[in-house]
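Here is the structure we will look at.
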Amino acid sequence: MNIVRTIADVRTALEPHRRAGRTIGFVPTMGYFHAGHASLMRRARETSDVVVVSLFVNPTQFNDPSDLTAYPRDEERDAALASTEGVDILFAPAATDVYPPGFATTVVVTRVTEQMEGATRGVSHFVGVATVVAKLFNMVQPTTAFFGQKDAQQALVVRRMTRDLDIPVRIEVCPTVREPDGLAMSSRNVRLSAAARDQALALSAALSSAERAVAAGVRDARVLLDSARAVMRGRGVEPEYLEIVSADTLAAVDRIAGEALMAVAAHVGGVRLIDNVMLRAG
Ligand code: PAF
C-alpha cells in the first residue's frame with residue numbers, strides 16, 4: 001500500500017490507472033478505523049480495480065472544538081488495517097494542503113441539511129462535509145465512492161451534491177455495521193466508559209423496538225416515537241433528536257407507508273452518538 005500526503009502525489013499515483021481505464025473506488029474517512037470502515041474498504045476492493053482511502057480529520061465539520069480535539073487518531077493502526085483490507089493508496093493530506101491560506105470557497109447544500117444533524121450541530125456542519133467531500137472527489141476523481149448508512153443524512157447530502165453539481169461519481173451506501181449487542185460501530189465508541197457503553201445501547205434498542213412495532217402493524221409515527229423515547233429513558237438516555245422522516249427528503253412522516261427513516265442522536269457519557277434504521281411497512 002502506498003501512503004501519499006499531498007494532492008499532487010495522489011494525482012500522480014492515480015494517473016497511470018486512469019490512463020489504463022481502471023475503475024477507482026474511494027472511501028473518504030476521518031480515520032480511527034473500525035469494522036464499519038473495513039466493510040466499506042472491502043466493498044470497494046470487491047468492485048473496483050484501484051482502492052483509495054482518504055484519512056483526514058476535517059476541522060470545518062466540527063461545530064464543537066472539544067469534539068475535534070477529542071476525536072481519536074492513530075494513523076499507524078489505520079494504515080495497518082487499510083493494508084490488510086487490500087487498499088492500494090492511503091491518502092492522508094495535511095490541513096494546510098486541503099485548506100491553504102486564503103481558502104474562501106464552500107459548498108452549501110440546502111433542504112436536506114436543515115433537519116436532524118444540521119439542526120443540532122448547526123448548518124456549518126454540512127457545509128464542512130459537502131465542501132471537503134467535493135474537494136476530495138476533485139482530488140481523487142473516483143468512479144465510485146462508498147459511504148456508510150449510519151451517517152444516513154450525510155449520504156443523502158453527498159448524493160444531492162453530486163447530482164446538483166454534476167460530479168461524475170457513483171455513490172454507494174453500505175449497511176451499518178453493528179457490535180454483536182447492536183451498538184452501531186463508530187470511531188467515537190472508544191471514548192465510552194464501561195457504564196456509558198452499556199447506556200449507549202439505548203439508541204439501537206429504541207430503533208429495534210420501533211422496527212418490531214412496525215412489523216406488528218403499528219403505523220402511527222407519534223406512537224412509534226413515544227415508545228422509542230420511553231425505551232431510551234428507561235436506560236437513562238435523553239435523545240438530542242429522534243425522528244421518523246422520508247428517506248428521500250427528510251420531511252417528517254406521520255404514518256409509515258412503504259419506507260421511512262428513523263434516526264436518533266444522543267449524548268451518552270459525554271460522547272455524541274447517532275444511529276438510524278429503515279422502517280418498512282408491508
Ligand atoms: O463520515 C466521515 O468520516 C466524514 O464526514 C467524511 C465523509 C470523511 C468527510 O470528512
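As the structure lists them, so they are numbered: ligands from 1, and atoms in each ligand from 1. Below, each value reflects all heavy atoms present in this structure, side chains not excepted, and no hydrogens, waters or symmetry copies.
Between Q154 and ligand 1, an N or O atom pair is found at a separation short of 3.5 Å.
With hydrogens left out, the protein atom closest to atom 10 (O) of ligand 1 is Q61 OE1, 2.6 Å, a heavy atom.
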Review point. Where do F146 and S48 land on the side-chain contact (heavy atoms from CB on, under 4.5 Å) test, with the steps shown first?
Key: CA-CA 11 Å; F146 299 84; S48 318; 4.1 Å; yes

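The residue from V51, T144, T143 that alone fulfils the side chain to side chain contact (heavy atoms under 4.5 Å, CB included) condition with T23 is T143.
More than 12 heavy-atom neighbours from other residues, nucleotides or ligands sit within 6.0 angstrom of CG on D67. Atom CD of E15 has more than 12 heavy atoms from other residues, nucleotides or ligands within 6.0 Å.
Within ligand 1, counting atoms from 1 as listed, the ones closer than 4.0 Å to a heavy atom of V132 are 9 (C), 10 (O). Within the listing of ligand 1, atoms 8 (C) sit less than 4.0 angstrom from a heavy atom of T29.
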